[in-house]
Amino acid sequence: MTGRAGTGGHEALALPGMPEDPPPAKAPPAPKRPKHNERLPAPSRSVAKVAVDVSLPHLDRTFDYRVPVQLDESAVVGARVRVRFAGRTVDGFVLERADTSDHDGRLGWLDKVVSPEPVLSPELAALCRTVADRYAGTLADVLRLAVPPRHARVEQETPPGRPDQPAPDEAAPDEAAPPAEPAPDDEAVPDEAVPDEAVPDEAAPAGGTRDDDPGWSVYPRGPAFLDALARRQGAHAVWQALPGEDWARRLAEAARAAIGAGHGAVIVVPDRRDLDRLHAACVDVLGEHEVAALAADLGPAERYRRWLAVARGHKRLAIGTRAAAFAPVHDPGLLAIWDDGDDSHAEPRAPYPHARDVLLDRAHATGAALLVAGTTRTAEAEVLVRTRWAHPVVAERATVRARAPRVTAIGEDDRQLLRDPTARAARVPGVAFEAARQALAAHRPVLVQVPRRGYLPAVACARCREPARCRHCHGPLGIPAGTEDTPSPPTCRWCGRPDPTYRCPACASPRLRATVVGSGRTSEELGRAFPQTVVRTSGGGAPILDDVPAAPALVVATPGAEPVAEGGYGAALLLDGAALLARPELRAAEETVRRWFAAAALVRPAPDGGRVVVVAESGVPAVQALVRWDPAAHAGAELDARTELGLPPAVRMAALDGDPDALHGLLDVLHLPDTGEGEPDAEVLGPVELPPGTRLPGGDERTERAERCLVRVPRRAGRALAAALAAAVATRSARRDTDPVRVVLDPADPL
DNA sequence: ATTCGGACGGCC
DNA sequence: GCCGTCCGAATT
């Protein structure tokens with residue numbers, strides 16, 4: 001009220017001299033704002049539905065703003081804008097223009113169009129929404145992963161309508177690109193998928209061979225897959241590349257099939273090294289002007305420049321590391337991922353999407369073909385095959401036998417039986433020395449794959465093999481780098497305390513042995529055994545080599561850093577397999593197989609003398625898979641084992657990490673999906689303690705006690721689980737229960 | 001009667 | 001998350 005006595009408040013409204021339509025109560029006829037400050041709404045479609053850059057789970061929806069006439073032209077769908085939100089100015093994207101709003105209250109004005117560049121197409125927005133939902137995350141978080149930061153100068157370099165290369169059909173296919181069917185919620189991707197007529201079982205009508213891509217003809221379904229690409233039939237394939245395969249070229253050829261038919265293509269690889277190789281192949285097959293290589297380490301300007309070229313339709317093939325799964329390729333006909341078992345395909349930022357699953361969702365939404373490729377097959381890819389959502393593209397056994405090296409397994413027992421003096425003295429058994437000797441004699445390089453980096457990183461009891469653990473914090477003991485003459489005492493890798501008087505708690509032996517031996521010592525050992533031979537080291541601290549010449553050399557490499565050898569390696573030695581397989585992780589076997597095959601695939605075929613020696617018991621399935629070169633069978637066995645144990649991907653899981661109170665708070669408001677069909681749809685496992693020092697997102701300080709709960713549901717309930725978790729997280733966030741709980745769906749390693 | 005502050009709801 | 005509002009308790 002004003003200075004007047006309050007008793008007559010209501011009558012005051014009736015007093016003469018008031019404005020016709022006064023704002024309620026407070027009515028001093030204050031000096032009017034001048035007219036030029038007023039904003040008028042755009043004549044039509046004056047409502048903009050905006051995705052605001054606010055990652056609060058309970059605010060994960062669009063908000064409507066009034067478009068002023070001045071911004072009518074520039075506030076296009078997909079444009080970056082600035083709006084007032086909760087009293088602050090925030091960034092956002094226009095998702096839609098509409099005539100009306102569902103919002104009852106007054107709409108705020110769209111403050112500013114940062115740029116009229118339509119960076120967030122409806123297709124990309126829909127994909128991000130789907131990914132957010134699948135991972136129980138927010139759209140804002142996914143948009144930050146999918147759309148790189150703007151670089152204004154780059155945007156100005158080339159006007160949007162003027163591609164530097166003639167871009168045929170620039171306008172038409174863009175508009176013709178919209179998603180096929182909006183996926184009904186319950187029959188989405190392979191959880192519940194129905195088989196489709198993706199790749200015909202017979203070879204294509206044209207015959208078994210495409211003269212332009214003879215490389216794919218080695219695989220019985222290969223040519224049919226390329227034909228399906230050319231016809232945009234939405235083929236889904238799981239491809240196991242043969243040893244020695246020029247996979248990069250095959251992928252480039254697949255992209256050419258899609259692009260030749262007027263569509264786009266996306267290919268995702270694990271790292272920069274693979275990207276460089278793929279880029280060279282794509283330029284070779286398709287020419288420079290079609291290819292955009294997207295990598296996170298380019299720097300903001302170059303990153304945005306290339307991304308923009310894709311978004312504007314100037315480049316139809318986007319290749320890159322995991323974020324490229326979102327690359328705004330128009331009308332994609334092919335979506336491919338190479339080596340989907342590599343853990344760098346998993347995004348480390350919330351909501352932790354995996355590139356393979358992003359592409360899967362995208363294939364579903366757009367009707368594009370999906371190609372999940374690798375030398376080996378993951379259990380996840382096996383699910384696609386087994387549900388008949390995807391067809392396997394694999395070579396016949398005879399072809400495999402002709403291309404694969406000969407594999408010999410040497411177990412610990414074998415070593416002792418052989419009474420091999422070298423074997424007892426060193427980690428490298430005599431059979432391996434012999435294979436290496438032969439290869440070097442044939443003037444071929446020898447690949448020596450050593451796990452992890454460093455020098456004796458982990459140790460165990462020499463008598464009973466019990467892993468040596470810190471007496472203080474139970475972290476793993478390791479031996480820091482030192483010299484052979486003056487060895488350092490074992491030291492905890494978590495807390496850093498040395499323990500010079502270690503005794504095994506199980507058997508009291510003071511003696512220790514290495515369980516994982518780094519490349520340094522192996523290099524020394526082999527160097528001594530072949531004194532006249534050059535030793536090259538790749539990875540594990542040393543620079544990574546891309547390739548090595550066809551000349552005698554010992555090439556010591558860590559997994560993922562194996563150089564390609566010109567003409568192939570004469571032999572490969574895979575050391576310390578037992579230690580790899582013995583790890584407790586869910587993916588220990590799968591990962592070991594993946595590393596072994598990656599190295600062995602670089603070796604010459606058996607008929608040309610190529611040999612692989614793997615130090616591991618020959619009876620274990622992983623070794624069998626390598627000996628028989630049957631990665632698909634191993635994936636099948638792996639999936640069977642996980643089905644038996646109720647582990648992903650046979651089931652869907654969510655990991656919930658947080659301090660005990662926060663976890664309880666979340667579980668209290670979590671309504672787990674339950675269809676009431678007898679068996680329980682969801683199980684909560686745990687909580688278990690997480691290792692000390694586990695960082696939680698948003699946790700300012702190190703949480704004292706971090707625990708993990710696992711929620712397990714049948715695959716068909718995966719979406720419902722994500723929805724339930726998203727709702728629970730939203731409830732908590734609306735209540736300002738802000739203690740961090742990290743929700744990870746399909747965690748790489750739930751154990 | 002007036003001021004201050006913490007809780008809570010809404011955010012277009 | 002942050003702002004604004006509302007209400008109760010402390011303060012004048």
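Because the structure is predicted, anything quoted here is derived from the model rather than measured.
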Centroid separation A:F85 to A:F63 less than 6.0 Å: yes

Contacts satisfying salt bridge (charged side-chain N to carboxylate O under 4.0 Å, His left out) that involve residues 660-673 of chain A (not counting sequence neighbours) are none

A:F85 CZ to C:dC2 C1', in whole Å, measures 10 Å

*Check against side-chain contact (heavy atoms from CB on, under 4.5 Å), A:V114 and A:R82*: CA-CA 7 Å; A:V114 176; A:R82 307 268 295 165; 3.5 Å; yes

Worksheet entry | Over 12 foreign heavy atoms within 6.0 Å of NE2, A:H103 | yes

At a 4.0 Å cut-off to heavy atoms of chain A, the contacted part of DNA chain B spans B:dC8 to B:dC12

Practice task
Give a yes or no on whether the backbone of A:A748 and the side-chain of A:R587 come within a donor-acceptor separation of less than 3.5 Å.
Solution key: yes

Do A:H330 side-chain atoms and A:A311 backbone N/O form a donor-acceptor pair below 3.5 Å?
yes

Over all strands shown, is [X] touching base, sugar-phosphate only, or nothing at heavy-atom distances under 4.0 angstrom?
| X | answer |
| --- | --- |
| A:L107 | sugar-phosphate |
| A:G108 | sugar-phosphate |
| A:R736 | base |

